[in-house]
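Sharing a structure below in structure tokens format, with a few things to ask.
Numbers restart at 1 for each chain; the letters A, B, ... are given by sequence-line order, proteins then strands. Note: hydrogens, waters and symmetry copies are ignored here, and every other heavy atom, side chains too, is used.
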There are 2 protein chains.
Amino acid sequence: MTRATAAKDGPAGPRGGPGGRKAEPAQDQPPEAGSTRERILDVALDLFIEKGFDGTSLREIAEKLGFTKAALYYHYASKDDILMALHMRLHDVGRDGLKQLTDGPVSLATWESLVDTVLGQMLAQRKLYLMHERNQAALEKLHRKDHDAEHEDLQQRFRQMLADPAISLHDRVRMASSFGAVFSVLFMAGDAFEGTSTQELGELLRQTVHDILAP
Amino acid sequence: MTRATAAKDGPAGPRGGPGGRKAEPAQDQPPEAGSTRERILDVALDLFIEKGFDGTSLREIAEKLGFTKAALYYHYASKDDILMALHMRLHDVGRDGLKQLTDGPVSLATWESLVDTVLGQMLAQRKLYLMHERNQAALEKLHRKDHDAEHEDLQQRFRQMLADPAISLHDRVRMASSFGAVFSVLFMAGDAFEGTSTQELGELLRQTVHDILAP
DNA sequence: GTCTATATAGGGATAGAC
DNA sequence: GTCTATCCCTATATAGAC
């Protein structure tokens with residue numbers, strides 16, 4: 001395909017630090033929108049969805065960007081690093097949603113509002129969620145290595161709540177089902193709902209979620 | 001990609017068919033339960049779920065079985081062949097369910113009975129479905145190569161119906177959601193419902209599905 | 001920041017002995 | 001049916017030039 005020549009190749013200097021070279025500073029800086037670093041992620045995101053993480057080679061990513069494999073290593077220390085960066089994108093998105101998660105008991109009402117929040121995020125960041133869904137094995141492998149960083153994954157928290165013995169089995173099935181409703185429409189239906197506006201789809205799904213959780 | 005040289009259909013192993021050089025049992029026979037061929041699939045199934053198809057090496061499979069990588073090639077011509085054999089297991093299971101799929105119009109009632117059928121199959125063949133869910137990229141790649149064999153996949157048929165313009169958007173969302181309910185409880189909830197009997201889970205899910213599709 | 005060239009590892013697959 | 005040994009290829013990753 002044609003390369004996305006965005007005209008503005010970023011300002012000089014690897015601010016924040018190009019992946020783990022010998023002794024580079026950490027890269028916790030805010031990501032600049034059109035930077036090469038970000039463009040790499042955009043391309044990788046598409047390929048990881050289409051061919052899977054393992055099925056995608058660095059050469060493919062580089063070629064789509066118009067340069068060679070080796071150049072990627074200036075921006076990311078490893079292939080895993082690219083996956084991790086994409087994971088962090090989702091992590092940032094999900095942080096807001098997790099804030100409303102108190103440590104207290106979960107009611108069907110709080111669950112509904114949680115699912116509503118996540119639904120909004122999924123509609124806005126569809127590809128990011130899709131990539132995660134289709135590369136769970138690779139992501140788990142990644143997590144095993146970096147067992148630092150608080151693993152308050154959305155997925156993990158969800159599963160915890162679904163296993164909460166304080167909630168009746170009936171309700172837990174409904175909770176899981178309501179999430180599955182959203183998930184299947186957005187990520188498993190192929191292009192069956194492609195022509196539908198996100199707004200309309202969102203409304204229909206919110207209503208569905210509500211009905212599933214209704215007593 | 002696999003190598004381009006040499007013959008593609010390596011005549012290895014006890015599969016019948018053209019070119020099988022040894023006098024071995026044909027492949028279209030009923031699979032013998034405890035046979036090495038079946039044990040290979042059992043081990044591969046677990047590993048493909050845990051580490052993904054690409055993340056699993058033939059060496060790993062062989063080691064779990066107590067012999068070496070090369071021995072696998074007596075039973076299967078390639079790694080893809082193993083995946084395909086697992087896919088066929090599911091194909092066989094799904095055939096019954098697809099029988100009730102007429103070419104006529106789909107009502108919510110027929111959809112419900114279809115989901116009920118699939119639910120039963122999923123409860124009985126949980127790992128097989130889970131493997132498919134977690135290796136969609138690899139399976140799609142496989143399908144591209146073998147563009148023979150009628151691909152009336154369950155997934156494909158489902159998506160077709162969900163895109164049917166003769167059905168209202170509202171109903172199609174409900175249809176997808178009902179499937180997602182089943183899916184999420186069985187495959188996305190981790191071990192949250194591990195302690196629950198399949199019967200009880202089945203009943204709760206059938207009721208949920210019914211409620212989602214109810215007018 | 002990107003290139004060429006290269007090191008290195010691991011995987012799938014084959015040949016032929018037993 | 002399984003083994004050892006080997007081939008070939010592709011992939012990640014590194015070194016150093018420009």
Next item on the list: Using only heavy-atom distances, decide whether a donor-acceptor pair under 3.5 angstrom links the side-chain of B/Lys69 to the base of C/dG12.
Entry: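 Yes, a donor-acceptor pair under 3.5 Å.
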Looking at side-chain heavy atoms only, is the closest gap between A/Lys51 and A/Glu60 below 4.5 Å?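 The answer is yes; the side chains approach within 4.5 Å.
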| query | How close or far is atom C1' of C/dG12 from atom CD of B/Glu60, stated in whole angstroms? | reply |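 The distance from CD of B/Glu60 to C1' of C/dG12 comes to 14 Å, rounded to the nearest Å.
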(message) I need the CG-P distance between A/Asp80 and D/dA11, as an integer number of Å.
(response)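 So the two atoms are 16 Å apart, to the nearest Å.
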Once you round it to whole Å, what is the distance between P of C/dT14 and CG of B/Leu72?
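Value for this atom pair: 13 Å.
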**Prompt:** The side chain of A/Ala70 lies closest to which of these nucleotides: C/dT4, C/dG11, C/dT2?
**Reply:**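 My answer, after comparing the listed nucleotides, is C/dT4.
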For A/Lys79 and D/dA13, give me the distance from atom NZ to atom P, rounded to whole Å.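 Taking NZ of A/Lys79 and P of D/dA13, I get 8 Å after rounding.
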Q.
Quick test of your reading: applying salt bridge (charged side-chain N to carboxylate O under 4.0 Å, His left out), list the pairs with at least one residue in residues 110-130 of chain B, sequence neighbours left out, ordered by first then second residue.
A.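 As it turns out, the salt bridge (charged side-chain N to carboxylate O under 4.0 Å, His left out) pairs with a partner in residues 110-130 of chain B, which skip direct neighbours, are B/Asp46-B/Lys127.
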- Message: For B/Glu200, give me all partners under side-chain hydrogen bond (donor to acceptor under 3.5 Å, both in side chains), at least two apart in sequence or on another chain.
- Response: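 Scan of B/Glu200 (side-chain hydrogen bond (donor to acceptor under 3.5 Å, both in side chains), adjacent residues dropped) gives none.
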Nearest 0.5 Å, please: how far is CD1 in A/Ile49 from CD in B/Gln136?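 These two atoms lie 12.0 Å from each other.
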Self-check item: Candidate pair B/Arg134 and B/Phe48, rule side-chain contact (heavy atoms from CB on, under 4.5 Å), full reasoning
Solution: CA-CA 8 Å; B/Arg134 294 194 54 152; B/Phe48 291 172; over 6 Å; no
request  = Using only side-chain N and O atoms of B/Thr68, determine if any of them is under 4.0 Å from OP1 or OP2 of D/dT2.
outcome  =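 For D/dT2, neither OP1 nor OP2 has a side-chain N or O of B/Thr68 closer than 4.0 Å.
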Practice task
Could you list by number each residue of residues 41-53 of chain A showing a heavy-atom separation from DNA chain C of less than 4.0 Å, or answer none if no residue does?
Solution key: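 Listed by number, there are none.
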* Asked: Under 4.0 angstrom, heavy atoms only, what part of the nucleic acid is B/Ser35 near: base, sugar-phosphate, or nothing?
  ->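 The answer is nothing, as B/Ser35 stays clear of every strand by at least 4.0 Å.
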**Message:** Within the 4.0 Å heavy-atom criterion, would you say A/Gly55 contacts the bases, only the backbone, or no part of the nucleic acid?
**Reply:**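 A/Gly55: no heavy atom of the nucleic acid under 4.0 Å.
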Side-chain N,O (A/Tyr73) to OP1/OP2 (D/dA13) below 4.0 Å: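 Yes, because at least one side-chain N or O of A/Tyr73 sits under 4.0 Å from OP1 or OP2 of D/dA13.
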- Rounded to the Å, how far apart are A/Leu58 CG and C/dT8 C1'?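 From A/Leu58 CG to C/dT8 C1': 15 Å.
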Distance check needed: C/dG11 P versus B/Ile61 CD1, whole Å only.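 Distance, rounded to whole Å: 11 Å.
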request  = Without swapping roles, check the side chain of A/Gln121 against the backbone of A/Val93 for a donor-acceptor pair under 3.5 Å.
outcome  =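 Checking the backbone N and O of A/Val93 against the side chain of A/Gln121, a donor-acceptor pair under 3.5 Å is found.
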How many whole angstroms separate atom OH of B/Tyr74 from atom C1' of D/dT4?
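After rounding, the gap between these two atoms is 18 Å.
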Hey, does the Lys NZ or Arg CZ of A/Lys79 hover above the aromatic six-ring of A/Phe53, less than 6.0 Å from the centre and inside 45° of the axis?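 So A/Lys79 does make the cation-pi contact.
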**Request:** Would you kindly give the NE2-to-C1' distance between A/His75 and D/dT12, to the nearest whole Å?
**Result:**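 One finds 17 Å between C1' of D/dT12 and NE2 of A/His75, rounded.
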